[in-house]
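Values below: every heavy atom of this structure, side chains too, minus hydrogens, waters and symmetry copies. This structure is a prediction, so every number in the text was calculated from the model and none was measured.
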Amino acid sequence: MERKNSSGEIAHEVLPLIRVFKDGRVERLIGTEEVVPPSIEDPKTSVSSKDVVIIPETGVSARLYVPKLIQKKKLPLLVYFHGGGFCIETTFSPHYHYYLNEVVSQANVVDVSVDYKRAPEHYVPIAFDDS
């Protein structure tokens, strides 16, 4: 059964997450907020974050998190892949940004949070390939 809303015919709908229209447009209904820009120094945790492109050919990016360094030393690396069922949220979502500030601060690690491409615009396994 075809449905219509004011924006066009709906091809697929997974409520309350996402709506895909027959013309190819995608409407994400949740998980669209982003923390922009990253923090030079988070006032609560003193963690610094920075956005970087890690695969220039495809535009895959990541947000790096670094704890406040008291002394120069090597730190463990945590690679984090955000949730969202491969279709909602990004590494720049407030939910993950604030969580990773806390993790990095408490664990004294450096974190790389990968922002992989999401479905339905990009089919699985692209998220794995990006990661």
Side-chain angles (χ1 to χ4, degrees):
M1 179 175 137
E2 290 182 3
R3 293 189 46 216
K4 277 192 162 191
N5 77 0
S6 61
S7 302
E9 292 183 48
I10 298 171
H12 303 285
E13 193 170 48
V14 181
L15 295 176
L17 305 176
I18 197 164
R19 186 175 289 136
V20 181
F21 296 91
K22 286 195 172 187
D23 66 5
R25 288 180 301 112
V26 174
E27 181 181 5
R28 287 181 172 80
L29 305 172
I30 63 171
T32 59
E33 306 83 21
E34 293 190 348
V35 175
V36 178
S39 316
I40 291 175
E41 186 173 302
D42 179 68
K44 183 178 175 190
T45 62
S46 297
V47 169
S48 298
S49 55
K50 176 183 180 179
D51 295 339
V52 296
V53 175
I54 54 177
I55 306 174
E57 299 79 26
T58 62
V60 174
S61 63
R63 182 162 283 182
L64 305 176
Y65 295 84
V66 180
K68 187 171 188 167
L69 299 174
I70 310 278
Q71 57 186 355
K72 292 214 177 232
K73 65 177 184 175
K74 291 183 180 181
L75 297 175
L77 176 66
L78 169 67
V79 179
Y80 186 83
F81 302 101
H82 68 82
F86 302 114
C87 64
I88 62 168
E89 303 281 355
T90 72
T91 197
F92 313 112
S93 298
H95 172 102
Y96 300 116
H97 178 80
Y98 298 122
Y99 170 72
L100 289 171
N101 275 337
E102 288 291 332
V103 168
V104 167
S105 173
Q106 292 180 27
N108 204 34
V109 298
V110 172
D111 173 69
V112 176
S113 181
V114 179
D115 191 43
Y116 52 79
K117 292 184 211 72
R118 299 171 294 165
E121 298 93 336
H122 305 278
Y123 297 112
V124 173
I126 193 66
F128 300 106
D129 294 342
D130 287 352
S131 300

Handout entry: Steps toward side chain to side chain contact (heavy atoms under 4.5 Å, CB included) verdict (Thr90, Arg118)
Key = CA-CA 9 Å; Thr90 72; Arg118 299 171 294 165; 3.6 Å; yes
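- Cluster annotation: Val66 and Ile54 are assigned to the same hydrophobic cluster (Ile/Leu/Val/Met/Phe/Trp/Tyr, side-chain heavy-atom contacts under 4.5 Å, transitive).
- Between Leu15 and Leu29 there is a side-chain heavy-atom pair separated by less than 4.5 Å.
- Note on ring orientation: taking the six-membered ring where Trp is involved, the planes of Tyr116 and His82 are parallel (angle under 30°, cut-offs 30° and 60°).
- Not one N or O on the side chain of Ser39 forms a donor-acceptor pair closer than 3.5 Å with the backbone of Ser48.
- Between Asp130 and Val114 the shortest heavy-atom distance is O-CG1, 4.3 Å.
- Under the 4.5 Å side-chain criterion, counting only non-hydrogen atoms from C-beta, Leu69 is in contact with Leu75.
- Note on residues 38-75: pairs passing ring-ring contact (aromatic ring centres under 6.0 Å, His included), not counting sequence neighbours, are Tyr65-His97.
- Here the shortest heavy-atom pairing between Ala127 and Ser131 reads O-OG, 2.7 Å.
- In the hydrophobic clustering of ILVMFWY residues, with side-chain heavy atoms under 4.5 Å counting as a link, Leu64 and Val60 come out together.
- Hydrophobic clustering, with ILVMFWY side chains joined whenever heavy atoms are under 4.5 angstrom apart, groups Tyr80 together with Val104.
- The structure places NZ of Lys117 at 14.0 Å from CZ of Phe128, a figure rounded to the nearest 0.5 Å.
- The only member of Asp111, Val109, Val110 that meets side-chain contact (heavy atoms from CB on, under 4.5 Å) when paired with Leu77 is Val110.
- Checking side-chain atoms of Ser113 against main-chain N and O of Arg63 turns up no donor-acceptor pair under 3.5 Å.
- No continuous path of ILVMFWY side-chain contacts below 4.5 Å connects Ile126 to Ile55, so the two sit in separate hydrophobic clusters.
- Taking a cutoff of 4.0 Å between a charged side-chain nitrogen and a carboxylate oxygen, Arg28 and Glu89 do not qualify as a salt bridge.
- Using a distance-only test at 3.5 Å, with no hydrogens or angles considered, no donor-acceptor pair links the side chain of Ser93 to the main chain of His95.
- Contact annotation: the side chain of Asp129 never approaches that of His122 to less than 4.5 Å [non-hydrogen atoms, C-beta and beyond].
- In the hydrophobic clustering of ILVMFWY residues, with side-chain heavy atoms under 4.5 Å counting as a link, Val103 and Val79 come out apart.
- Between Lys44 and Asp42 no salt bridge is recorded (no basic side-chain N to carboxylate O distance below 4.0 Å).
- Listed here is the closest heavy atom pair of Thr91 and Tyr96: O-CB, 4.5 Å.
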